[in-house]
Amino acid sequence: MGSNNTDQHKHSIATFAALKTAIANGEEQLVKELLADQPMQDLEKSYLIDLAEVTNNPTIIKLLKDIPVKK
């Protein structure tokens with residue numbers, strides 16, 4: 001069971017890194033695919049929204065704002 005949790009953690013770190021890169025590059029479709037309507041932590045969501053605002057891409061900003069926050 002511990003290895004499954006570790007695998008999930010590694011996957012989420014890789015997904016978060018890919019999201020940051022896709023946002024920085026303005027890759028709207030890739031951002032949408034990586035988000036896949038999965039909830040994320042509020043801090044992660046806020047960080048990604050800030051990054052999207054720096055790149056000034058309203059489509060990506062909306063995608064990020066629409067993602068649910070993990071409880």
Side-chain angles (χ1 to χ4, degrees):
M1 183 160 162
S3 64
N4 185 31
N5 191 21
T6 302
D7 291 342
Q8 284 181 329
H9 184 67
K10 286 179 184 176
H11 176 72
S12 66
I13 290 171
T15 301
F16 190 75
L19 266 171
K20 291 191 308 184
T21 301
I23 291 167
N25 293 336
E27 300 175 63
E28 296 170 7
Q29 185 59 41
L30 182 56
V31 170
K32 188 174 185 177
E33 291 170 13
L34 289 168
L35 290 173
D37 293 326
Q38 296 294 319
M40 67 174 52
Q41 298 292 330
D42 189 45
L43 184 61
E44 292 173 330
K45 181 177 176 177
S46 295
Y47 174 82
L48 293 175
I49 290 170
D50 287 347
L51 180 61
E53 288 173 346
V54 168
T55 62
N56 198 25
N57 187 319
T59 303
I60 292 177
I61 293 168
K62 180 171 179 357
L63 286 170
L64 292 167
K65 286 185 175 181
D66 290 345
I67 291 299
V69 174
K70 283 184 182 177
K71 302 287 182 196

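- Shortest non-hydrogen contact noted between V69 and Q41 is CG1-C, 4.5 Å.
- Under the 4.5 Å side-chain criterion, counting only non-hydrogen atoms from C-beta, Q38 is not in contact with I67.
- For the pair I23/L64, a side-chain contact is recorded, criterion being any heavy-atom separation below 4.5 Å from C-beta on.
- The CG atom of N57 sits 4.5 Å away from atom CD of E28, with the distance rounded to the nearest 0.5 Å.
- For the pair L35 and M40, the minimum side-chain heavy-atom distance is below 4.5 Å.
- Partners of D66 under the side chain to side chain donor-acceptor pair (under 3.5 Å) rule, at least two apart in sequence or in another chain, are K62.
- Residues L30 and A22 come closest through the heavy atom pair CD2-CB, 3.8 Å.
- A distance-only check finds no donor-acceptor pair linking the side chain of S46 to the backbone of L43 [under 3.5 Å].
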Q: Determine, stepwise, if the pair L48 / L19 fulfils side chain to side chain contact (heavy atoms under 4.5 Å, CB included).
A: CA-CA 8 Å; L48 293 175; L19 266 171; 3.9 Å; yes
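- Rounded to the nearest 0.5 angstrom, K20 NZ and N25 CG are separated by 13.0 Å.
- Partners of E53 according to the side chain to side chain contact (heavy atoms under 4.5 Å, CB included) rule, which considers only residues two or more places apart in sequence or in another chain, are I49, D50, I61, K65.
- Taking E33 as the reference, Q29 meet the side chain to side chain donor-acceptor pair (under 3.5 Å) condition, with sequence neighbours excluded.
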